[in-house]
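Throughout, a chain's letter reflects where its sequence line sits, starting with A, and its residues are numbered from 1.
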Number of protein chains: 2
Amino acid sequence: MDKEIIYDIRQFNRFYTKVLGLFNNQILDTDYSLTEARILFEISERTECIANNLVQELNIDRSYMSRILRKLEREDLIKKKSSTIDSRKNFLFLTKKGEELLGKINIQSDEQINQLFNGLSDSEINEIRISMMIIKEKLDKNKF
Amino acid sequence: MDKEIIYDIRQFNRFYTKVLGLFNNQILDTDYSLTEARILFEISERTECIANNLVQELNIDRSYMSRILRKLEREDLIKKKSSTIDSRKNFLFLTKKGEELLGKINIQSDEQINQLFNGLSDSEINEIRISMMIIKEKLDKNKF
DNA sequence: TATTAAATGTGGACTATGTCAACTAAAGGA
DNA sequence: TCCTTTAGTTGACATAGTCCACATTTAATA
(Lines give C-alpha, C1' and ligand atoms only; values in the text may rest on other atoms or scores of the structure.)
Protein backbone atom coordinates (compact mmCIF):
# COMPACT_ATOMS: atom_id res chain seq x y z
CA MET A 1 0.00 0.00 0.00
CA ASP A 2 1.16 3.46 -0.91
CA LYS A 3 3.04 5.46 1.72
CA GLU A 4 1.02 8.53 1.01
CA ILE A 5 -2.27 6.78 1.52
CA ILE A 6 -1.10 5.32 4.82
CA TYR A 7 -0.01 8.78 5.83
CA ASP A 8 -3.45 10.20 5.12
CA ILE A 9 -5.17 7.43 7.00
CA ARG A 10 -3.00 7.86 10.04
CA GLN A 11 -3.61 11.55 9.92
CA PHE A 12 -7.33 10.92 9.87
CA ASN A 13 -7.01 8.56 12.78
CA ARG A 14 -5.20 11.14 14.85
CA PHE A 15 -7.76 13.70 13.90
CA TYR A 16 -10.74 11.54 14.72
CA THR A 17 -9.18 10.48 18.00
CA LYS A 18 -9.38 14.12 18.93
CA VAL A 19 -12.99 14.44 17.77
CA LEU A 20 -14.10 11.41 19.73
CA GLY A 21 -12.02 12.51 22.70
CA LEU A 22 -13.90 15.77 22.90
CA PHE A 23 -17.22 14.00 22.65
CA ASN A 24 -16.39 11.47 25.22
CA ASN A 25 -15.23 13.89 27.82
CA GLN A 26 -18.55 15.62 27.69
CA ILE A 27 -20.91 12.78 28.42
CA LEU A 28 -20.32 13.73 31.99
CA ASP A 29 -23.08 16.18 32.33
CA THR A 30 -24.58 13.10 33.82
CA ASP A 31 -22.53 11.27 36.42
CA TYR A 32 -21.76 8.46 34.03
CA SER A 33 -18.82 7.60 31.83
CA LEU A 34 -18.85 6.93 28.12
CA THR A 35 -18.39 3.24 28.79
CA GLU A 36 -21.41 3.13 31.02
CA ALA A 37 -23.40 5.05 28.43
CA ARG A 38 -22.39 2.60 25.73
CA ILE A 39 -23.34 -0.31 27.94
CA LEU A 40 -26.79 1.13 28.50
CA PHE A 41 -27.07 1.73 24.78
CA GLU A 42 -26.08 -1.80 23.84
CA ILE A 43 -28.43 -3.31 26.38
CA SER A 44 -31.28 -1.27 25.00
CA GLU A 45 -30.49 -2.25 21.40
CA ARG A 46 -30.12 -5.96 21.97
CA THR A 47 -32.59 -8.65 22.81
CA GLU A 48 -31.38 -11.19 25.33
CA CYS A 49 -28.24 -9.23 25.96
CA ILE A 50 -25.71 -10.89 28.24
CA ALA A 51 -22.54 -9.55 29.81
CA ASN A 52 -20.37 -11.47 27.42
CA ASN A 53 -21.89 -9.72 24.42
CA LEU A 54 -20.85 -6.44 25.90
CA VAL A 55 -17.41 -7.74 26.71
CA GLN A 56 -16.90 -8.61 23.06
CA GLU A 57 -18.59 -5.62 21.51
CA LEU A 58 -16.90 -3.06 23.72
CA ASN A 59 -13.62 -4.87 24.20
CA ILE A 60 -13.71 -4.75 27.95
CA ASP A 61 -12.28 -7.21 30.42
CA ARG A 62 -14.80 -9.68 31.82
CA SER A 63 -14.08 -8.92 35.43
CA TYR A 64 -14.25 -5.22 34.81
CA MET A 65 -17.57 -5.63 33.05
CA SER A 66 -18.86 -7.65 35.95
CA ARG A 67 -18.08 -4.80 38.29
CA ILE A 68 -19.55 -2.14 36.05
CA LEU A 69 -22.77 -4.10 35.70
CA ARG A 70 -22.93 -4.59 39.44
CA LYS A 71 -22.59 -0.87 39.90
CA LEU A 72 -25.29 -0.15 37.33
CA GLU A 73 -27.54 -2.64 39.04
CA ARG A 74 -26.91 -1.11 42.45
CA GLU A 75 -27.86 2.24 41.01
CA ASP A 76 -31.02 0.75 39.63
CA LEU A 77 -30.20 1.44 35.99
CA ILE A 78 -30.27 -2.17 34.88
CA LYS A 79 -31.52 -5.48 36.13
CA LYS A 80 -30.41 -9.04 35.55
CA LYS A 81 -32.59 -12.05 34.89
CA SER A 82 -31.01 -15.46 34.94
CA SER A 83 -31.75 -17.51 31.82
CA THR A 84 -33.88 -20.56 32.48
CA ILE A 85 -32.20 -22.46 29.67
CA ASP A 86 -28.60 -21.70 30.56
CA SER A 87 -28.19 -20.66 34.13
CA ARG A 88 -24.73 -19.25 33.53
CA LYS A 89 -26.26 -16.42 31.61
CA ASN A 90 -27.90 -13.32 32.96
CA PHE A 91 -30.06 -11.40 30.54
CA LEU A 92 -29.71 -7.70 30.99
CA PHE A 93 -32.47 -5.12 30.88
CA LEU A 94 -32.75 -1.45 31.46
CA THR A 95 -34.92 -0.35 34.32
CA LYS A 96 -37.21 2.61 33.88
CA LYS A 97 -34.53 4.78 35.45
CA GLY A 98 -31.98 3.33 33.06
CA GLU A 99 -34.11 4.15 30.07
CA GLU A 100 -34.63 7.64 31.31
CA LEU A 101 -30.92 8.15 31.73
CA LEU A 102 -30.22 6.75 28.28
CA GLY A 103 -32.80 9.10 26.87
CA LYS A 104 -31.09 12.00 28.51
CA ILE A 105 -27.71 10.90 27.22
CA ASN A 106 -29.13 10.57 23.73
CA ILE A 107 -30.45 14.08 23.80
CA GLN A 108 -27.07 15.36 24.91
CA SER A 109 -25.29 13.36 22.24
CA ASP A 110 -27.55 14.76 19.56
CA GLU A 111 -26.76 18.19 20.88
CA GLN A 112 -23.03 17.52 20.65
CA ILE A 113 -23.38 16.43 17.05
CA ASN A 114 -25.34 19.54 16.30
CA GLN A 115 -22.61 21.67 17.77
CA LEU A 116 -19.92 19.87 15.85
CA PHE A 117 -21.73 20.43 12.57
CA ASN A 118 -22.97 23.86 13.40
CA GLY A 119 -22.19 26.29 10.61
CA LEU A 120 -21.84 23.73 7.87
CA SER A 121 -24.27 23.80 4.99
CA ASP A 122 -26.75 21.01 4.41
CA SER A 123 -24.82 19.76 1.45
CA GLU A 124 -21.58 19.72 3.42
CA ILE A 125 -23.24 17.81 6.22
CA ASN A 126 -24.52 15.35 3.73
CA GLU A 127 -21.11 14.91 2.16
CA ILE A 128 -19.70 14.08 5.55
CA ARG A 129 -22.47 11.66 6.23
CA ILE A 130 -22.01 9.86 2.95
CA SER A 131 -18.28 9.70 3.59
CA MET A 132 -18.88 8.15 6.99
CA MET A 133 -21.16 5.56 5.54
CA ILE A 134 -18.64 4.64 2.89
CA ILE A 135 -15.89 4.16 5.44
CA LYS A 136 -18.07 2.14 7.75
CA GLU A 137 -19.49 -0.04 5.02
CA LYS A 138 -16.16 -0.88 3.44
CA LEU A 139 -14.25 -1.50 6.64
CA ASP A 140 -17.16 -3.23 8.29
CA LYS A 141 -17.57 -5.79 5.57
CA ASN A 142 -13.84 -6.29 5.69
CA LYS A 143 -13.08 -6.74 9.36
CA PHE A 144 -15.75 -6.13 11.92
CA MET B 1 -30.55 18.73 11.87
CA ASP B 2 -32.30 15.61 10.65
CA LYS B 3 -32.76 12.73 13.10
CA GLU B 4 -31.64 10.23 10.54
CA ILE B 5 -28.39 12.04 9.82
CA ILE B 6 -27.60 12.29 13.51
CA TYR B 7 -28.30 8.60 13.83
CA ASP B 8 -25.84 7.79 11.06
CA ILE B 9 -23.18 9.99 12.55
CA ARG B 10 -23.50 8.46 15.97
CA GLN B 11 -23.35 5.05 14.42
CA PHE B 12 -20.15 6.01 12.67
CA ASN B 13 -18.72 7.35 15.90
CA ARG B 14 -19.43 4.10 17.70
CA PHE B 15 -17.93 2.18 14.84
CA TYR B 16 -14.81 4.26 14.64
CA THR B 17 -14.38 4.15 18.40
CA LYS B 18 -14.03 0.43 17.93
CA VAL B 19 -11.57 0.76 15.05
CA LEU B 20 -9.36 3.16 16.99
CA GLY B 21 -9.70 1.04 20.10
CA LEU B 22 -8.30 -1.97 18.30
CA PHE B 23 -5.45 0.06 16.90
CA ASN B 24 -4.59 1.61 20.17
CA ASN B 25 -4.50 -1.56 22.14
CA GLN B 26 -1.91 -2.93 19.81
CA ILE B 27 0.71 -0.24 20.12
CA LEU B 28 1.72 -2.29 23.10
CA ASP B 29 3.98 -4.55 21.21
CA THR B 30 6.34 -2.00 22.56
CA ASP B 31 6.05 -1.21 26.25
CA TYR B 32 4.51 2.16 25.54
CA SER B 33 0.99 3.49 25.49
CA LEU B 34 -0.77 5.29 22.67
CA THR B 35 -0.44 8.54 24.55
CA GLU B 36 3.28 8.13 24.86
CA ALA B 37 3.52 7.27 21.19
CA ARG B 38 1.56 10.37 20.24
CA ILE B 39 3.79 12.51 22.41
CA LEU B 40 6.88 11.18 20.69
CA PHE B 41 5.20 11.77 17.36
CA GLU B 42 4.28 15.36 18.15
CA ILE B 43 7.73 16.13 19.48
CA SER B 44 9.27 14.80 16.31
CA GLU B 45 6.90 16.80 14.08
CA ARG B 46 7.27 20.13 15.84
CA THR B 47 10.11 22.54 16.09
CA GLU B 48 10.61 24.11 19.51
CA CYS B 49 7.99 21.86 21.01
CA ILE B 50 7.13 22.57 24.63
CA ALA B 51 5.03 20.63 27.08
CA ASN B 52 2.19 23.06 26.84
CA ASN B 53 1.82 22.44 23.11
CA LEU B 54 1.28 18.79 23.85
CA VAL B 55 -1.15 19.59 26.64
CA GLN B 56 -3.29 21.50 24.19
CA GLU B 57 -2.94 19.25 21.19
CA LEU B 58 -3.57 16.03 23.06
CA ASN B 59 -5.97 17.38 25.63
CA ILE B 60 -4.06 16.09 28.60
CA ASP B 61 -3.82 17.61 32.04
CA ARG B 62 -0.68 19.66 32.67
CA SER B 63 0.32 17.75 35.75
CA TYR B 64 -0.17 14.44 34.02
CA MET B 65 1.88 15.60 31.06
CA SER B 66 4.64 16.69 33.37
CA ARG B 67 4.84 13.21 34.81
CA ILE B 68 4.71 11.46 31.46
CA LEU B 69 7.53 13.64 30.15
CA ARG B 70 9.58 12.96 33.24
CA LYS B 71 9.12 9.26 32.68
CA LEU B 72 10.10 9.53 29.01
CA GLU B 73 13.16 11.51 30.01
CA ARG B 74 14.14 8.95 32.64
CA GLU B 75 13.90 6.28 29.99
CA ASP B 76 16.08 8.32 27.72
CA LEU B 77 13.51 8.74 24.96
CA ILE B 78 13.40 12.52 25.11
CA LYS B 79 15.48 15.32 26.51
CA LYS B 80 14.62 18.82 27.65
CA LYS B 81 16.50 21.99 26.90
CA SER B 82 15.56 25.11 28.73
CA SER B 83 14.92 28.06 26.43
CA THR B 84 17.49 30.82 26.77
CA ILE B 85 14.90 33.45 25.91
CA ASP B 86 12.18 32.28 28.24
CA SER B 87 13.45 30.11 31.02
CA ARG B 88 10.00 28.83 31.89
CA LYS B 89 9.97 26.82 28.71
CA ASN B 90 11.66 23.54 28.07
CA PHE B 91 12.09 22.60 24.45
CA LEU B 92 11.59 18.93 23.90
CA PHE B 93 13.63 16.68 21.64
CA LEU B 94 13.75 13.03 20.87
CA THR B 95 16.92 11.23 21.78
CA LYS B 96 18.37 8.71 19.40
CA LYS B 97 16.61 6.01 21.38
CA GLY B 98 13.36 7.98 21.14
CA GLU B 99 13.67 8.26 17.40
CA GLU B 100 14.34 4.59 17.09
CA LEU B 101 11.29 3.78 19.14
CA LEU B 102 9.11 6.13 17.11
CA GLY B 103 10.42 4.52 13.96
CA LYS B 104 9.45 1.12 15.28
CA ILE B 105 6.01 2.36 16.26
CA ASN B 106 5.53 3.88 12.81
CA ILE B 107 6.37 0.61 11.14
CA GLN B 108 3.89 -1.20 13.34
CA SER B 109 1.21 1.41 12.67
CA ASP B 110 1.70 1.08 8.95
CA GLU B 111 1.37 -2.63 9.36
CA GLN B 112 -1.88 -2.22 11.26
CA ILE B 113 -3.29 -0.05 8.53
CA ASN B 114 -2.28 -2.60 5.95
CA GLN B 115 -4.06 -5.31 7.87
CA LEU B 116 -7.19 -3.23 8.24
CA PHE B 117 -7.35 -2.59 4.52
CA ASN B 118 -6.17 -5.98 3.48
CA GLY B 119 -8.49 -7.50 0.89
CA LEU B 120 -9.94 -4.24 -0.33
CA SER B 121 -9.34 -3.20 -3.91
CA ASP B 122 -7.26 -0.18 -4.77
CA SER B 123 -10.33 1.76 -5.77
CA GLU B 124 -12.08 0.90 -2.52
CA ILE B 125 -9.06 1.99 -0.54
CA ASN B 126 -9.02 5.22 -2.43
CA GLU B 127 -12.69 5.80 -1.82
CA ILE B 128 -12.09 5.43 1.90
CA ARG B 129 -9.16 7.75 1.77
CA ILE B 130 -11.08 10.42 -0.07
CA SER B 131 -13.91 10.04 2.40
CA MET B 132 -11.55 10.52 5.31
CA MET B 133 -10.09 13.63 3.77
CA ILE B 134 -13.54 15.09 3.21
CA ILE B 135 -14.53 14.51 6.82
CA LYS B 136 -11.30 15.91 8.17
CA GLU B 137 -11.30 18.93 5.93
CA LYS B 138 -14.87 19.93 6.64
CA LEU B 139 -14.82 19.37 10.37
CA ASP B 140 -11.34 20.77 10.72
CA LYS B 141 -12.17 24.06 9.12
CA ASN B 142 -15.25 24.16 11.28
CA LYS B 143 -13.98 23.39 14.74
CA PHE B 144 -10.43 22.28 15.23
C1' DT C 1 -21.64 -42.05 30.41
C1' DA C 2 -17.34 -40.30 32.24
C1' DT C 3 -14.06 -36.97 31.36
C1' DT C 4 -12.45 -33.03 29.46
C1' DA C 5 -12.97 -28.62 27.47
C1' DA C 6 -15.23 -24.29 26.86
C1' DA C 7 -18.33 -20.58 28.25
C1' DT C 8 -20.05 -17.29 31.75
C1' DG C 9 -19.41 -14.75 35.47
C1' DT C 10 -17.17 -13.20 40.05
C1' DG C 11 -13.62 -11.51 43.41
C1' DG C 12 -8.91 -10.05 45.03
C1' DA C 13 -4.96 -7.61 44.17
C1' DC C 14 -2.80 -4.82 41.50
C1' DT C 15 -1.21 -1.12 37.89
C1' DA C 16 -2.19 2.55 34.85
C1' DT C 17 -4.43 6.56 33.77
C1' DG C 18 -6.33 10.77 34.82
C1' DT C 19 -7.85 14.85 37.96
C1' DC C 20 -7.66 18.65 41.31
C1' DA C 21 -5.65 22.03 43.91
C1' DA C 22 -1.76 24.31 45.60
C1' DC C 23 2.59 25.90 44.54
C1' DT C 24 7.16 28.10 42.35
C1' DA C 25 9.19 30.82 39.01
C1' DA C 26 9.52 33.56 35.17
C1' DA C 27 7.54 36.86 31.72
C1' DG C 28 4.37 40.37 30.13
C1' DG C 29 1.89 44.10 30.66
C1' DA C 30 -0.70 48.40 33.01
C1' DT D 1 6.13 48.68 40.54
C1' DC D 2 2.16 45.45 41.16
C1' DC D 3 -0.86 42.41 38.97
C1' DT D 4 -1.78 38.88 35.67
C1' DT D 5 -0.61 35.27 32.75
C1' DT D 6 2.15 31.38 31.29
C1' DA D 7 4.92 27.17 32.13
C1' DG D 8 5.76 23.61 34.75
C1' DT D 9 5.92 20.72 39.16
C1' DT D 10 4.23 18.18 43.24
C1' DG D 11 1.03 15.73 46.48
C1' DA D 12 -3.10 13.54 47.20
C1' DC D 13 -6.60 11.39 45.31
C1' DA D 14 -10.06 9.09 42.07
C1' DT D 15 -11.23 6.40 38.17
C1' DA D 16 -10.31 2.96 34.83
C1' DG D 17 -8.47 -1.17 33.43
C1' DT D 18 -5.71 -5.70 33.87
C1' DC D 19 -4.35 -10.26 35.53
C1' DC D 20 -5.10 -14.33 37.71
C1' DA D 21 -7.51 -17.73 40.19
C1' DC D 22 -11.77 -19.58 40.93
C1' DA D 23 -16.88 -21.59 40.83
C1' DT D 24 -20.60 -23.12 37.97
C1' DT D 25 -22.70 -24.72 34.23
C1' DT D 26 -22.95 -26.35 29.66
C1' DA D 27 -20.96 -28.53 25.41
C1' DA D 28 -18.07 -31.85 23.25
C1' DT D 29 -16.14 -36.27 22.68
C1' DA D 30 -13.89 -40.53 23.58
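Residues satisfying the side chain to side chain contact (heavy atoms under 4.5 Å, CB included) criterion with E45(A), sequence neighbours excluded, are F41(A). Every side chain to side chain donor-acceptor pair (under 3.5 Å) that K136(A) has, sequence neighbours left out, goes to D140(A). For N90(A), the side chain to side chain donor-acceptor pair (under 3.5 Å) criterion is met by no residue, not counting sequence neighbours. Checked against ring-ring contact (aromatic ring centres under 6.0 Å, His included), Y16(B) has the following partners two or more places apart in sequence or in another chain: F12(A), Y16(A), F12(B). Listed by chain and number, the residues in a side chain to side chain donor-acceptor pair (under 3.5 Å) with D110(B) are R10(A) (sequence neighbours excluded).
Shown for residues 66-80 of chain A: residues whose heavy atoms fall under 4.0 angstrom of DNA chain D, namely R67(A).
You can see that DNA chain D meets the heavy atoms of chain A within a 4.0 Å-exclusive cut from dA16(D) to dT26(D), reading 5' to 3'.
Atom CD of Q56(B) is surrounded by more than 12 heavy atoms from other residues, nucleotides or ligands within 6.0 Å.
Under a 3.5 Å cut-off, the side chain of N126(A) and the backbone N or O of D122(A) do not form any donor-acceptor pair.
For the pair I60(B) CD1 and dA16(C) C1', the computed distance is 13 Å after rounding to whole Å. Rounded to whole angstrom, the span from the CG atom of D86(B) across to the P atom of dG28(C) amounts to 6 Å. If you measure from atom CD1 of I39(A) to atom P of dG9(C), you get 13 Å, rounded to the nearest angstrom. When rounded to the nearest whole Å, the span between CG of L54(A) and P of dT8(C) equals 12 Å. Atom CZ in F91(A) sits roughly 12 Å away from atom C1' in dT8(C) (whole-Å rounding).
Heavy atoms only, all atoms of each residue included: S44(A) and L102(A) are closest at OG-CD2, 3.4 Å. Nearest heavy-atom pair, L40(B) versus G98(B), reported as atom, atom and distance to 0.1 Å: CD1-O, 4.4 Å.
Rounded to 10°, the helix from dT1(C)-dA30(D) to dA30(C)-dT1(D) has 30° between the axis fitted to its first five pairs and the one fitted to its last five.
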Residues 72-83 of chain A, side-chain donor-acceptor partners within the protein, below 3.5 Å, at least two apart:
from	atom 1	to	atom 2	distance (Å)
E75(A)	OE1	Y32(A)	OH	2.7
S83(A)	OG	I85(A)	N	3.1
S83(A)	OG	D86(A)	N	3.0

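Within the nucleic acid shown, S63(B) comes within 4.0 Å of at least one base atom, counting heavy atoms only. Within 4.0 Å (heavy atoms only), D61(A) reaches at least one base atom of the nucleic acid.
Clustering of Ile, Leu, Val, Met, Phe, Trp and Tyr by side-chain heavy atoms under 4.5 Å joins M133(B) with none of the others.
Nearest-nucleotide assignment on DNA chain D puts the 5′-proximal partner with E36(A), out of T84(A) and E36(A).
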Give me, pair by pair, the N or O atoms of the protein and of nucleotides 1-7 of chain C that are less than 3.5 Å apart, along with how far apart they are.
from	atom 1	to	atom 2	distance (Å)
dA7(C)	N3	R88(A)	NH1	3.0

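Counting only residues at least two apart or on different chains, no salt bridge (charged side-chain N to carboxylate O under 4.0 Å, His left out) pair has a member in residues 61-70 of chain A.
K89(A) and E48(A) are not joined by a salt bridge, as no carboxylate oxygen comes within less than 4.0 angstrom of a charged side-chain nitrogen.
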